[in-house]
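For reference, the structure discussed in these notes is given below.
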2 protein chains.
Amino acid sequence: MTQDDRSTGSRERILAAAAAMVAEDVTARLSVRAVAARAGVSTGSLRFHFPTQRALQEAVLARIYEHVFPDDPIRDRSLPARDRLVNCLRQVLAPAGVGKQAREAWGKAYEMFIAPEPTEQVRAAYLAMEREGWRRIEYWLTVLADEGALPREDHARRVRFLLTVLNGLSIERALPAEESILRSETETLYTAVDCVLNARTA
Amino acid sequence: MTQDDRSTGSRERILAAAAAMVAEDVTARLSVRAVAARAGVSTGSLRFHFPTQRALQEAVLARIYEHVFPDDPIRDRSLPARDRLVNCLRQVLAPAGVGKQAREAWGKAYEMFIAPEPTEQVRAAYLAMEREGWRRIEYWLTVLADEGALPREDHARRVRFLLTVLNGLSIERALPAEESILRSETETLYTAVDCVLNARTA
DNA sequence: ACCTGAACACCGTTCAAGT
DNA sequence: ACCTGAACACCGTTCAAGT
């Protein structure tokens with residue numbers, strides 16, 4: 001509905017329309033007709049720029065992760081703890097890329113850390129990386145624990161769990177997917193985060 | 001096409017037709033019209049017995065796993081639901097192997113599904129695999145839901161979540177690890193399962 | 001090169017009408 | 001109670017035709 005300059009490229013209008021729809025509702029279906037109508041173009045034009053529905057969804061995902069997560073969102077107390085943590089985890093996930101980019105990233109990871117014998121050097125390089133992710137997540141959890149959003153003890157288990165979920169989501173970005181991963185990714189992140197925040201001493 | 005006795009209940013004919021379709025092709029879509037035609041009933045009749053497509057698919061799933069995995073650990077009611085589900089997930093994880101074996105397995109997965117351009121063939125092959133895992137987990141959840149261990153709705157989200165956790169654990173078996181993964185893997189599995197079973201409607 | 005919109009072949013669900 | 005089949009409101013993709 002926004003009055004984009006009519007001269008703006010159709011491709012751009014389509015992406016903007018789709019991004020707006022997702023912004024309004026992450027579960028939005030992004031059907032050809034809905035997006036095309038919102039962008040003010042024909043379905044044929046949409047198909048010209050995005051040959052397949054999957055191509056469109058990947059482009060939208062990339063667009064969103066590109067310019068919607070600026071700084072460390074953990075301290076933005078205007079949001080509930082769970083939303084902040086999800087946003088932080090998204091930041092971790094962002095560099096994983098989508099589509100071809102994701103596949104190439106995993107290609108590098110495979111050659112560096114999986115294919116070669118795990119010499120001490122290989123191990124050290126990987127563990128350094130992993131430890132950085134670990135520290136980052138642990139930091140976020142301590143911030144939230146200070147606010148009382150989760151228990152203070154036993155962070156190790158929670159961090160390990162979140163890292164595993166992130167690894168799963170990241171590899172799934174490189175694997176073929178059934179449908180828009182945006183929605184399922186969001187749902188999975190919230191499921192994992194709720195799991196961590198609702199921690200009951202079972 | 002099998003000449004079931006015309007007197008057999010429609011419900012049974014529908015289930016048999018759907019099961020046959022899945023047996024022939026695990027990726028079969030089981031659309032209303034296809035199943036109804038195969039069973040020799042109308043779409044309305046199908047809807048009468050299975051008010052929703054999801055209901056049909058669950059019934060078919062139960063039918064199949066009943067006589068394909070007769071001694072599935074999910075049925076061992078001597079254990080609490082969470083332990084049974086963890087054991088089931090372990091079964092899924094087992095073929096991933098450990099150490100060198102896990103690394104080689106991921107090497108194959110990489111060459112098959114990540115490195116090549118995702119042609120329709122590649123996608124189809126992967127999705128068939130994934131869908132099988134999906135169905136299996138979904139079946140376990142419906143069994144536990146029948147026992148009241150978790151809500152009955154919204155299984156899609158939970159299945160997706162568990163699959164992602166399994167993917168994460170599986171790739172971590174191929175990556176260098178800090179210490180014995182056995183313990184952290186068990187903890188993560190229980191964390192994920194508790195997350196699914198303690199599902200609160202947040 | 002870019003775009004249109006109709007057409008095609010599908011979906012799942014609803015429902016008046018039959019037996 | 002069980003079943004029919006048309007109708008509805010959607011899908012994603014294709015394609016001849018326009019500019």
Side-chain angles (χ1 to χ4, degrees), chain A residues 3-18 21-22 24-61 99 176-184, chain B residues 4-18 21-22 24-61 117-124 127 131 134-135 138 152-157:
Chain A
Q3 205 74 335
D4 285 54
D5 184 358
R6 216 11 183 43
S7 70
T8 309
S10 288
R11 201 193 134 86
E12 210 43 48
R13 306 239 302 287
I14 292 166
L15 274 179
M21 289 167 73
V22 170
E24 284 163 18
D25 176 9
V26 273
T27 78
R29 293 248 318 127
L30 294 192
S31 80
V32 207
R33 287 166 185 78
V35 175
R38 175 89 174 233
V41 304
S42 65
T43 64
S45 176
L46 193 153
R47 263 298 151 278
F48 175 78
H49 292 287
F50 305 96
T52 201
Q53 207 57 8
R54 187 174 165 67
L56 169 65
Q57 274 152 350
E58 275 188 4
V60 172
L61 191 63
E178 189 115 36
E179 39 158 350
S180 156
I181 57 176
L182 180 58
R183 195 185 109 156
S184 64
Chain B
D4 284 56
D5 183 359
R6 215 9 184 44
S7 71
T8 310
S10 289
R11 200 193 135 86
E12 209 44 47
R13 306 238 304 288
I14 292 165
L15 274 180
M21 290 168 73
V22 171
E24 283 162 20
D25 176 9
V26 274
T27 78
R29 293 249 315 128
L30 295 191
S31 80
V32 206
R33 287 166 185 78
V35 174
R38 175 89 173 235
V41 304
S42 65
T43 64
S45 175
L46 193 154
R47 263 298 150 278
F48 175 78
H49 291 289
F50 305 96
T52 201
Q53 207 56 9
R54 186 170 171 69
L56 169 66
Q57 272 150 352
E58 276 188 3
V60 172
L61 193 65
E117 285 304 314
T119 63
E120 210 34 60
Q121 221 196 2
V122 168
R123 277 175 51 75
L127 291 179
R131 202 143 7 185
W134 183 287
R135 285 205 174 123
E138 190 170 37
R152 183 166 266 96
E153 79 286 359
D154 215 4
H155 279 182
R157 207 188 82 241

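Here is the naming used below: chain letters follow the sequence lines, and residue numbers restart at 1 for every chain. In what follows, every heavy atom counts, from backbone to side chain, and hydrogens, waters and symmetry copies are set aside.
- Counting heavy atoms from C-beta on, the side chains of Q53(A) and L56(A) come closer than 4.5 Å.
- By the salt bridge (Lys or Arg N to Asp or Glu O under 4.0 Å) test, R152(B) pairs with D146(B), sequence neighbours left out.
- Looking at residues two or more places apart in sequence or on another chain, you find a side chain to side chain contact (heavy atoms under 4.5 Å, CB included) between E138(B) and R54(B), L61(B), W134(B), V159(B).
- Separating the CD1 atom of I14(A) from the P atom of dC2(C) is a distance of 12 Å, rounded to the nearest angstrom.
- Side-chain atoms of R123(B) never come within 3.5 Å of backbone atoms of P118(B) as a donor-acceptor pair (strictly under, hydrogens ignored).
- Spacing between atom CZ of F48(B) and atom P of dG5(D) amounts to 16 Å, rounded to whole angstrom units.
- In this view, S45(A) and S10(A), V41(A), S42(A), H49(A) satisfy the side chain to side chain contact (heavy atoms under 4.5 Å, CB included) rule, not counting sequence neighbours.
- For the OP1/OP2 pair of dA1(C) and a distance below 4.0 Å, the side-chain nitrogens and oxygens of H49(A) include no atom meeting the criterion.
- At distances below 3.5 Å, not a single donor-acceptor pair connects side-chain atoms of E58(A) with backbone N or O atoms of I181(A).
- The distance from atom CZ of R11(B) to atom C1' of dC3(D) is 16 Å, rounded to the nearest whole Å.
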Convert the base pairs of DNA chain C into dot-bracket notation, remembering that pairs crossing earlier ones are written with [ ] and that bases paired across to another strand are shown as |; include only Watson-Crick or G-U pairs under 3.5 Å.
||.|||||...|||||.||
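- Residues satisfying the salt bridge (Lys or Arg N to Asp or Glu O under 4.0 Å) criterion with E24(B), sequence neighbours excluded, are R38(B).
- Rounded to a whole Å, the CG atom of L46(A) is 12 Å from the C1' atom of dC3(C).
- Side chain of T52(A) to backbone of A55(A): no donor-acceptor contact under 3.5 angstrom is found.
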Using a cutoff of under 3.5 Å, can you pull out all pairs of nitrogen or oxygen atoms linking the protein to nucleotides 10-14 of chain C, with atom names and distances?
from, atom 1, to, atom 2, distance (Å)
dC11(C), OP1, S31(B), OG, 3.0
dC11(C), N4, R33(B), NH2, 3.4
dG12(C), OP2, V32(B), N, 2.9
dG12(C), N7, R33(B), NH1, 2.9
dG12(C), O6, R33(B), NH2, 2.6
dT13(C), OP1, T52(B), OG1, 2.6
dT13(C), OP2, R47(B), NE, 3.1
dT13(C), OP2, R47(B), NH2, 2.4
dT13(C), OP2, Q53(B), N, 2.9

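- Checking the phosphate oxygens (OP1, OP2) of dC2(D), no side-chain nitrogen or oxygen of S45(B) falls inside 4.0 Å.
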